[in-house]
Protein chains: 2
Amino acid sequence: MSQMQNVEKQLREMILGLEIGPGERLTERWVESRFGASRTPVRAALLRLETEGLICRDGRGWTVSPINLAELEQIAVYREAVEVAAVRLTCALQDRGAVEIIEAMLDSCDDQTPREEWHRVGMDFHIELARLSGNEFLFRAVRDAMTRLSRARWLEVRDEAALGRAWAEHHDILSAVRAGDADGAACLLSSHIDGSRDRLVTSLRNDRRGLRARGFAVVA
Amino acid sequence: MSQMQNVEKQLREMILGLEIGPGERLTERWVESRFGASRTPVRAALLRLETEGLICRDGRGWTVSPINLAELEQIAVYREAVEVAAVRLTCALQDRGAVEIIEAMLDSCDDQTPREEWHRVGMDFHIELARLSGNEFLFRAVRDAMTRLSRARWLEVRDEAALGRAWAEHHDILSAVRAGDADGAACLLSSHIDGSRDRLVTSLRNDRRGLRARGFAVVA
DNA sequence: GATACCATTTTGGGATACCAAACTGGTATC
DNA sequence: GATACCAGTTTGGTATCCCAAAATGGTATC
């Protein structure tokens with residue numbers, strides 16, 4: 001793999017994994033020495049990560065994007081629009097291949113919820129669901145939105161009950177899609193995203209002091 | 001303005017204005033000499049234009065993205081989802097400021113359709129309509145989708161009647177939004193986008209031979 | 001005449017050097 | 001003690017250089 005993609009990937013991992021906290025300043029020189037690359041690939045990586053919304057310009061320099069509660073709410077509205085459109089499309093398609101994938105996703109929902117991987121599994125559900133639509137743009141929109149939400153979801157305080165409820169909702173949505181019930185699936189998905197947004201924003205708002213104590217910038 | 005933004009802007013203009021045809025190869029060296037910039041800003045510009053979908057990698061080099069009919073249809077589905085969501089949001093908001101902008105947009109619809117500027121005006125309508133929602137992500141999605149559609153719309157054969165119908169539809173959509181009729185506006189907008197997509201794809205499909213003759217790559 | 005092969009050129013990826021602007025820390029002045 | 005100012009440092013933006021890989025074109029062989 002080229003150095004450029006390597007720097008980009010590793011830096012993204014560090015940001016998404018909160019190894020570099022929201023609001024921290026980044027210098028090109030630091031990234032250079034941290035990953036043993038020179039400025040050209042570092043520059044390319046930073047430009048890419050900027051378009052993903054993971055970092056943003058801070059005057060002349062770079063900053064890891066702060067957690068922005070207003071932005072999280074807007075993203076929820078955005079992803080609801082595209083996810084619902086995607087799931088309606090999938091219902092309308094009645095694709096043979098899609099049914100098989102849905103069956104597999106239903107099975108994995110029934111499995112014990114993976115204790116360590118709820119974060120990735122929760123994101124992948126929505127991304128894969130969007131992929132089923134066959135529409136590249138709806139898919140990318142959902143994937144990018146989930147990426148932007150990813151760090152905030154790590155910071156959300158979650159109890160067992162909420163996780164169990166989420167898997168149950170995922171199951172119901174898949175069932176509706178399998179049955180070709182577009183309105184039902186759309187409705188279930190909407191409520192799921194609404195609830196998810198409410199819990200996320202509420203949790204972060206309540207814990208804002210604690211997050212700041214960890215050095216994480218959280219803006220209203 | 002910095003050299004970097006300058007190269008990006010000028011190159012984008014050339015691509016969107018079809019001064020560099022879809023499918024043409026680009027070399028970093030050519031861009032360098034064409035705009036009198038060095039490789040660093042040229043690369044930054046190319047990376048940005050890649051994320052906008054205006055250019056794409058072609059093995060080791062760069063190619064101005066071909067016109068892709070399947071992609072145009074997918075973009076139409078995507079923009080319908082986000083535009084409808086935006087317009088519903090705007091209706092629900094009942095924002096005072098929005099009403100004023102809507103009045104202004106209605107007025108400009110009633111003006112004689114600007115003979116030379118129908119292309120830009122047609123795009124701006126949808127972009128400004130999305131901006132009214134106040135949701136940055138819906139807005140960006142519409143703006144980016146319209147940018148991706150822009151070149152194809154230049155190539156579409158349009159008659160007077162079709163243009164007049166488009167302005168009338170714009171007018172009706174704005175009226176519905178002003179009246180706060182979310183379902184009506186959503187419905188009108190959906191048909192408008194559907195019709196627009198059909199005419200666009202049909203026109204390009206029929207003229208595919210002529211487009212190839214002009215050196216423009218058009219893929220199915 | 002077609003094709004396989006090799007030397008040359010071109011090109012994108014990476015590294016480094018340089019510059020101007022912004023930031024920092026300290027000092028001198030009030 | 002506070003503040004204005006200045007020198008030194010840091011940093012991002014740009015230009016340039018180097019390199020390996022790919023494209024090119026010509027030649028020799030069959």
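Lettering follows sequence order; numbering is per chain, from 1.
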field: G-U wobble or Watson-Crick pairing nucleotide for dT29(C) (cut-off 3.5 Å, both distances)
entry: dA2(D)

field: Contact pattern, 5' to 3', of nucleotides 18-24 of chain C - B, S or - by protein heavy atom under 4.0 Å
entry: B--BS--

message: Using whole Å, what does the distance between atom P of nucleotide dA17(C) and atom CD of Glu28(A) come to?
response: 17 Å

task: Could you check whether Leu46(B) gets within reach of a base, just the sugar-phosphate, or nothing at all, counting any heavy atom under 4.0 Å?
output: nothing

task: Can you figure out which of dT14(D), dA15(C), dT11(C) approaches the side chain of Thr27(B) most closely?
output: dT11(C)

- line: Between CZ of Arg25(B) and P of dT10(C) the distance, given in whole Å, is 15 Å

query: Does any pair with a residue in residues 15-27 of chain B pass side chain to side chain donor-acceptor pair (under 3.5 Å), and if so which ones, sequence neighbours excluded?
result: Arg25(B)-Asp58(B)

query: Only one of Glu50(B), Glu28(B), Glu32(B) clears salt bridge (charged side-chain N to carboxylate O under 4.0 Å, His left out) with Arg43(B); which?
result: Glu28(B)

message: Just the rounded figure in Å: distance from C1' of dT11(D) to CD of Glu32(A).
response: 11 Å

message: For a quick check under 3.5 Å, do Arg143(B) and His126(B) share a side-chain donor-acceptor pair by atom type?
response: no

message: Starting the side chain at C-beta, find the nucleotide from dG14(C), dG12(C), dA15(D) nearest to Ser38(A).
response: dG14(C)

query: Are any side-chain N or O atoms of Ser33(B) and backbone N or O atoms of Trp30(B), one a donor and one an acceptor, separated by less than 3.5 Å?
result: yes

Polar side chain donor-acceptor pair, Ser190(B) to Glu80(B), under 3.5 angstrom: yes

field: For atom CG of Leu47(B) and atom C1' of dG13(C), their distance in whole Å
entry: 12 Å

message: Name the residue from Leu16(B), Leu18(B), Ile15(B), Leu54(B) that meets the side-chain contact (heavy atoms from CB on, under 4.5 Å) definition with Ser150(B).
response: Leu16(B)

- request: Could you tell me the separation between the CG atom of Asp58(B) and the C1' atom of dA21(D), rounded to a whole number of Å?
  value: 15 Å

query: Which whole-number value in Å describes the distance from Asn6(B) CG to dG13(D) C1'?
result: 14 Å

- request: Using the six-membered ring of Phe216(B), assess whether NZ or CZ of Arg214(B) lies under 6.0 Å from its centre and within 45 degrees of the ring axis.
  value: no

task: For Gly59(B), report the nucleic acid contact type (base, sugar-phosphate, nothing); a contact means any heavy atom under 4.0 Å.
output: nothing

query: Taking N and O atoms by type only, does the side chain of Arg57(A) place a donor or acceptor under 3.5 Å from a partner on the base of dG12(D)?
result: no

query: Please give, in whole Å, the distance from dT14(D) C1' to Arg43(B) CZ?
result: 12 Å

message: Rounded to whole Å, please give me the gap between CG in Leu26(B) and C1' in dG12(C).
response: 13 Å

